[in-house]
2 protein chains.
Amino acid sequence: MLSNELTKGTLQTIILKLLAEEQKMYGYEITQHVKSISEGKMILTEGALYPTLHKLEKNGLVRTQQVMIGKRMRKYYSLTAKGKKANVNKLAEFQEFINAMHLILKPKTTTS
Amino acid sequence: MLSNELTKGTLQTIILKLLAEEQKMYGYEITQHVKSISEGKMILTEGALYPTLHKLEKNGLVRTQQVMIGKRMRKYYSLTAKGKKANVNKLAEFQEFINAMHLILKPKTTTS
DNA sequence: TTTGCATACCTAAAATTCTTAGGTATATTT
DNA sequence: AAATATACCTAAGAATTTTAGGTATGCAAA
């Protein structure tokens, strides 16, 4: 499991990308989805996830829709237009980050 | 310039890797080196760098050697045995992180 | 049937890491 | 002479995450 400090700062990027692809998701679903597709290597803790979702909503990147499933609430999140733009930006930024890190971390003596 | 929150948590990884490759470096040199090899995309601020170097020393991952250049001090950092192991671990962790992020961020519908 | 686990939301204190914004001083370039 | 570069440092605050809870429903196994 990847419970190290490297995942810091990636949470918004992940959420926006998943919402862009799945149209709408609820919090718990996001945690399970990430766990599943990362093959258990990345675990989103709820203590980090929910405050981040609330922040994204407050900033107008996502909107919510509450649905009752039996007696239990589900709060679906979906991207706003602003959120869709933010997703594109975040993905590009992440790619830049990876490129920069590659330059820094690649072995100096590349004989290959 | 990559001044976003993605770089959080990568500082130790970067420092350890550079010291593993260059044998010894001083703080200011590290900032310039990173700026140079990342083509200006990554800037290490001194406010983050120096406390991290001090922490690495406190934790026994690096040792220091002070040299006077004229009237000015230079504090060279080099890896301890523990620091060398940590470097290997950090690089592996980073690779895992990249792999997990790739699984999460890659487009769902890959027709390529 | 009741115990436990999964589902589903949430918050708050503390820890961690970084940014911002300084301070000090020497060396070099314009 | 003034500005920029070199070279070290710290501290307050911001931002994000971890840790450690709380509440409640649904379901399956003992």
Side-chain angles (χ1 to χ4, degrees), chain A residues 1-16 24-36 40 42-59 61-62 64-77 90 93-94 97 100-101, chain B residues 1-16 24-36 40 42-59 61-62 64-77 90 93-94 97 100-101:
Chain A
M1 200 226 304
L2 258 178
S3 61
N4 58 40
E5 65 289 333
L6 293 170
T7 62
K8 281 176 191 269
T10 60
L11 193 45
Q12 287 194 31
T13 305
I14 291 171
I15 292 171
L16 293 174
K24 64 175 186 176
M25 296 181 89
Y26 52 98
Y28 186 77
E29 186 182 15
I30 293 175
T31 66
Q32 300 309 300
H33 196 85
V34 167
K35 192 172 166 183
S36 168
M42 190 170 292
I43 305 291
L44 301 192
T45 62
E46 299 190 343
L49 178 68
Y50 288 113
T52 300
L53 285 171
H54 299 163
K55 188 186 172 187
L56 289 172
E57 185 176 18
K58 184 183 146 207
N59 293 344
L61 305 193
V62 302
T64 60
Q65 181 192 1
Q66 297 192 36
V67 179
M68 290 307 290
I69 305 292
K71 290 180 181 174
R72 205 154 53 183
M73 182 186 62
R74 236 182 231 176
K75 202 164 164 184
Y76 280 100
Y77 289 84
K90 286 280 187 186
E93 266 181 28
F94 188 76
F97 163 68
M101 286 302 285
Chain B
M1 200 224 304
L2 259 177
S3 61
N4 58 40
E5 64 289 334
L6 292 170
T7 61
K8 277 180 192 268
T10 60
L11 193 46
Q12 286 193 33
T13 305
I14 291 171
I15 293 170
L16 292 174
K24 63 176 187 175
M25 297 182 87
Y26 53 100
Y28 186 77
E29 187 182 16
I30 293 175
T31 66
Q32 299 309 302
H33 196 85
V34 167
K35 192 171 166 183
S36 168
M42 191 171 291
I43 305 291
L44 301 192
T45 63
E46 300 190 341
L49 178 67
Y50 287 113
T52 300
L53 285 171
H54 299 162
K55 187 185 173 188
L56 289 172
E57 185 176 19
K58 184 183 145 205
N59 293 343
L61 305 193
V62 302
T64 60
Q65 182 193 356
Q66 298 192 37
V67 179
M68 290 307 291
I69 305 291
K71 288 180 182 175
R72 204 154 55 182
M73 182 184 63
R74 234 180 233 178
K75 202 164 164 184
Y76 280 100
Y77 289 85
K90 285 281 187 186
E93 265 181 29
F94 188 76
F97 163 68
M101 285 303 285

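A quick note: this is a predicted structure, and the numbers were derived from the prediction, not measured. Just so it is clear: chains get the letters A, B, ... in the order the sequence lines come, proteins before strands, and each one is counted from 1.
Remark on DNA chain D: of its neighbouring residues A:Lys71 and B:Ile69, the 5'-side contact belongs to B:Ile69, judged by nearest-heavy-atom nucleotide. Between B:Gly27 and A:Ala48, the residue whose closest nucleotide on DNA chain D is further toward the 5' end is B:Gly27. Positionally, the nearest nucleotide of DNA chain C for A:Arg74 lies more toward the 5' end than for the other of A:Arg74 and A:Gly47.
The interatomic distance linking B:Glu46 (CD) with C:dG23 (P) rounds to 15 Å, in whole Å. B:Lys58 has its NZ atom 11 Å from the P atom of C:dT17, to the nearest Å. A straight line from NE2 of B:His33 to P of D:dT6 spans 15 Å, rounded to a whole angstrom. Residue B:Tyr50 contributes atom OH, which lies 16 Å from atom P of D:dA11 at whole-angstrom precision. In this structure, CD1 of B:Ile30 is placed 11 Å from P of D:dC9, rounded to the nearest angstrom. Counting to the nearest Å, the C1' atom of C:dC5 and the OH atom of A:Tyr28 are 9 Å from each other. Atom CG of A:Leu53 and atom C1' of C:dT11 are 14 Å apart (whole Å).
When all heavy atoms are compared, the tightest approach of A:Ile43 to A:Lys35 is CD1-CG, 3.7 Å.
Contacts of A:Glu29 with the nucleic acid, taken as non-hydrogen atoms under 4.0 Å apart, are absent.
The backbone N or O of B:Gln32 sits nowhere less than 3.5 Å from a side-chain atom of B:Ser36 that would complete a donor-acceptor pair.
Under 4.0 angstrom from either OP1 or OP2 of D:dT16 there lies no side-chain N or O belonging to A:Thr52. Not one side-chain nitrogen or oxygen of B:Arg72 sits closer than 4.0 Å to the OP1 or OP2 atom of C:dA25. In this structure, A:His54 reaches the C:dT11 phosphate: one of its side-chain N or O atoms is under 4.0 Å from OP1 or OP2. Phosphate contact (OP1/OP2 of C:dC10, side-chain N/O of A:Lys75, threshold under 4.0 Å): present. Applying the 4.0 Å criterion to OP1 and OP2 of C:dC18, one finds that B:Thr45 has every side-chain N and O outside that range. OP1 or OP2 of D:dA7 lies within a sub-4.0 Å distance of a side-chain N or O belonging to B:Tyr26. Close to D:dT16, at under 4.0 Å from its OP1 or OP2, lies a side-chain N or O of A:Lys55.
The only option from A:Lys24, A:His54, A:Lys75, A:Glu57 that meets the side-chain hydrogen bond (donor to acceptor under 3.5 Å, both in side chains) definition with A:Thr64 turns out to be A:Glu57.
Atom CD1 of A:Ile69 sits about 4.5 Å away from atom CZ of A:Arg74, to the nearest 0.5 Å. Here the OH atom belonging to A:Tyr77 is positioned 8.0 Å from the CD1 atom belonging to A:Ile30, to the nearest 0.5 angstrom.
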